[in-house]
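Reading through the structure tokens given below for one structure.
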Amino acid sequence: MSAVSDRLPTFPWDKLEPYKKTAAAHPDGIVDLSVGTPVDPVPELIQKALIDAADSPGYPTVWGTPALRDAITGWLERRLGARELTHRHVLPIVGSKELVAWLPTQLGLGPGDKVAYPRLAYPTYEVGARLARAGYEVYDDPTELDPEGLKLLWLNSPSNPTGKVLSKAELTRIVAWAREHGVLLFSDECYLELGWEADPVSVLHPDVNGGSYDGIVAVHSLSKRSNLAGYRAAFLAGDPAVLGPLLEIRKHGGMMTSAPTQAAVVAALGDDVHVQEQRARYAARREALREALVRHGFRIEHSEASLYLWATRDESCWDTVAHLAELGILVAPGDFYGEAGATYVRVAFTATDERVRAAAERL
């Protein structure tokens with residue numbers, strides 16, 4: 001067991017515990033803006049679909065029900081502009097994090113292979129490479145990477161943690177480069193429906209991929225858009241030549257989304273109203289926190305999409321974390337996401353309206 005766990009870095013969130021205790025000691029309680037977990041209710045139509053499917057004594061299928069695959073392909077075409085999708089182009093997954101962590105292993109990568117991801121990035125990209133004993137490297141522009149031995153390229157737009165959005169032109173250029181060099185491209189698009197000052201585009205859009213899904217896969221999640229983090233509901237879409245073998249591997253591994261969750265996802269993807277309502281909540285919280293942080297002396301960079309504000313006072317991120325903890329506000333230090341984040345903090349606006357108001361007042 002230790003041979004596997006020793007490959008991994010220290011779980012970053014454990015480092016926040018002392019600051020969490022400081023923030024929790026505030027007379028008016030903690031305002032936790034660190035992890036970014038949804039706090040608003042699961043929409044009723046989704047809860048109803050889950051309940052209606054609760055009597056599910058049999059095993060679900062890894063590929064999902066035909067209704068689920070129809071819902072996914074329909075949403076991809078309606079919302080992302082994807083074209084000519086079949087069931088072979090989609091694959092349900094048990095939340096996006098397990099996929100990110102185990103993808104290099106499931107792709108058969110190992111020593112001598114490389115995985116690349118943005119310089120500021122979700123830590124699980126690195127974890128996935130480490131679990132497979134593959135090499136890993138970060139980039140500012142992926143087309144400047146040495147493609148020799150590069151087997152998996154991660155994009156993340158909108159970015160976690162910065163909220164940066166890659167333009168259609170940038171995505172098109174990167175997709176072309178990856179194809180030219182035979183590099184498999186996975187695009188983490190879990191925040192795509194949460195654009196504020198930009199309109200994020202998917203690699204599944206024909207303007208980006210030229211009408212072909214060869215060598216590209218997009219990752220999508222319902223955790224943020226539909227408050228379903230507790231349901232572990234996500235899916236892949238793209239190249240059938242990649243998804244087919246993954247499906248077979250995941251069948252052997254029993255990586256199946258529960259039947260009630262599958263029914264809930266069908267309901268969630270079929271309704272756009274609840275997404276717009278949730279966006280409105282987040283937009284108001286984002287504006288309140290942005291204004292308060294700027295007044296307090298912070299500079300906000302990027303943050304044109306996602307559920308976070310990427311903020312700095314040009315000091316050590318841990319000094320900023322400590323300062324805010326004294327105000328009863330817990331945020332994530334930027335170095336959780338790479339050395340380039342050493343002077344930044346990531347501020348989530350996923351707290352309740354009441355807690356966001358409290359944070360703004362304290363600032």
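Side-chain atoms of H205 come within 3.5 Å of backbone N or O of D207 as a donor-acceptor pair. Here the side chain of T162 pairs no donor or acceptor atom with the backbone of S159 at under 3.5 angstrom. Looking at D113, its side chain never comes within 3.5 Å of a backbone N or O of V115 through a donor-acceptor pair. At least one donor-acceptor pair closer than 3.5 Å links the side chain of Q47 to the backbone N or O of V42. When atom types are taken as modelled, the side chain of D271 and the backbone of H274 share a donor-acceptor pair closer than 3.5 angstrom. Without hydrogens or angle criteria, R7 side chain to L131 main chain gives a donor-acceptor distance under 3.5 Å. Looking only at distances, a side-chain donor or acceptor of N227 sits under 3.5 Å from a matching main-chain atom of P41. Under a 3.5 Å cut-off, the side chain of S303 and the backbone N or O of W310 do form a donor-acceptor pair. Between the side chain of Q262 and the backbone N or O of T65 there is at least one donor-acceptor pair closer than 3.5 Å. Between the E77 side chain and the G74 main chain, no donor and acceptor come within less than 3.5 Å of each other.
Annotation: the span from L289 atom CG to R357 atom CZ amounts to 11.5 Å, rounded to 0.5 Å. For the atom pair OH of Y344 and SG of C317, the computed distance is 11.5 Å after rounding to the nearest 0.5 Å. To the nearest 0.5 Å, atom CG of residue D272 and atom CZ of residue R225 are 7.0 Å apart. Atom-to-atom distance recorded for L222:CG and Y231:OH is 11.0 Å, nearest 0.5 angstrom. The CG atom of L247 sits 11.0 Å away from the CD atom of Q106 when rounded to the nearest 0.5 Å. Taken to the nearest 0.5 Å, the CG atom of L91 stands 5.0 Å off from the CG atom of L236.
Heavy-atom neighbours of R173 CZ from other residues, nucleotides or ligands within 6.0 Å: above the threshold of 12. The number of heavy atoms from other shown groups lying within 6.0 Å of NZ (K164) does not exceed 12. A 6.0 Å sphere centred on CH2 of W75 holds more than 12 heavy atoms belonging to other residues, nucleotides or ligands. Heavy atoms of other residues, nucleotides or ligands lying less than 6.0 angstrom from CD of E339 number 12 at most. Remark: D28 CG is packed, more than 12 non-hydrogen atoms of other residues, nucleotides or ligands lying under 6.0 Å away.
The nearest pair of heavy atoms linking L327 to R362 is O-CD, 2.8 Å. Contact record, L33 with A351: CD2-CB, 3.7 Å, taken as the closest heavy-atom pair. Nearest heavy atom pair, residue G81 against residue P206, reads O-CD, 3.1 Å. Among all heavy-atom pairs drawn from I216 and R179, the shortest one is CD1-NH2, 4.0 Å. Contact between I329 and A359 at its shortest, heavy atoms only, is CD1-O, 3.9 Å. A178 approaches L185 most closely through the heavy-atom pair CB-CD1, 4.0 Å.
Because its NZ or CZ atom is not both nearer than 6.0 Å to the ring centre of F349 and within 45° of the ring axis, R285 does not count as a cation-pi partner of that residue. Cation-pi geometry between R279 and W196 is met: the NZ or CZ atom falls under 6.0 Å from the ring centre, inside 45° of the normal. Annotation: cation-pi pair R69/W63 present, NZ/CZ under 6.0 Å from the ring centroid and within 45° of its normal.
No hydrogens or angles considered: a donor-acceptor pair under 3.5 Å links the side chains of R130 and Y136.
Looking only at side-chain heavy atoms (C-beta outward), Y282 and T350 come within less than 4.5 Å of each other. Here the side chains of L16 and P333 are in contact, with some heavy-atom distance below 4.5 Å. Using a 4.5 Å cut-off on side-chain heavy atoms (C-beta onward), P18 and K21 make no contact. Looking only at side-chain heavy atoms (C-beta outward), L153 and L145 come within less than 4.5 Å of each other.
Here E98 pairs with R250 in a salt bridge; the nearest charged N to carboxylate O distance falls below 4.0 Å. The pair K48-E44 fails the salt-bridge criterion, with no side-chain N (NZ, NE, NH1 or NH2) lying under 4.0 Å from an Asp/Glu carboxylate O. Of the charged side-chain nitrogens involved, none lies within less than 4.0 Å of a carboxylate oxygen, so that R290 and E287 do not count as a salt-bridged pair.
In summary, the aromatic rings of Y308 and Y191 are positioned with their centroids under 6.0 Å apart. Aromatic ring centres of Y122 and W154 lie farther apart than the 6.0 Å criterion allows.
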Would you check, one step at a time, whether the test side-chain hydrogen bond (donor to acceptor under 3.5 Å, both in side chains) holds for D70 with H87?
CA-CA 7 Å; D70 281 342; H87 286 191; 2.7 Å; yes

Run the numbers on R286 and E291 for salt bridge (charged side-chain N to carboxylate O under 4.0 Å, His left out), then give the verdict.
CA-CA 9 Å; R286 177 180 182 272; E291 186 177 317; over 6 Å; no

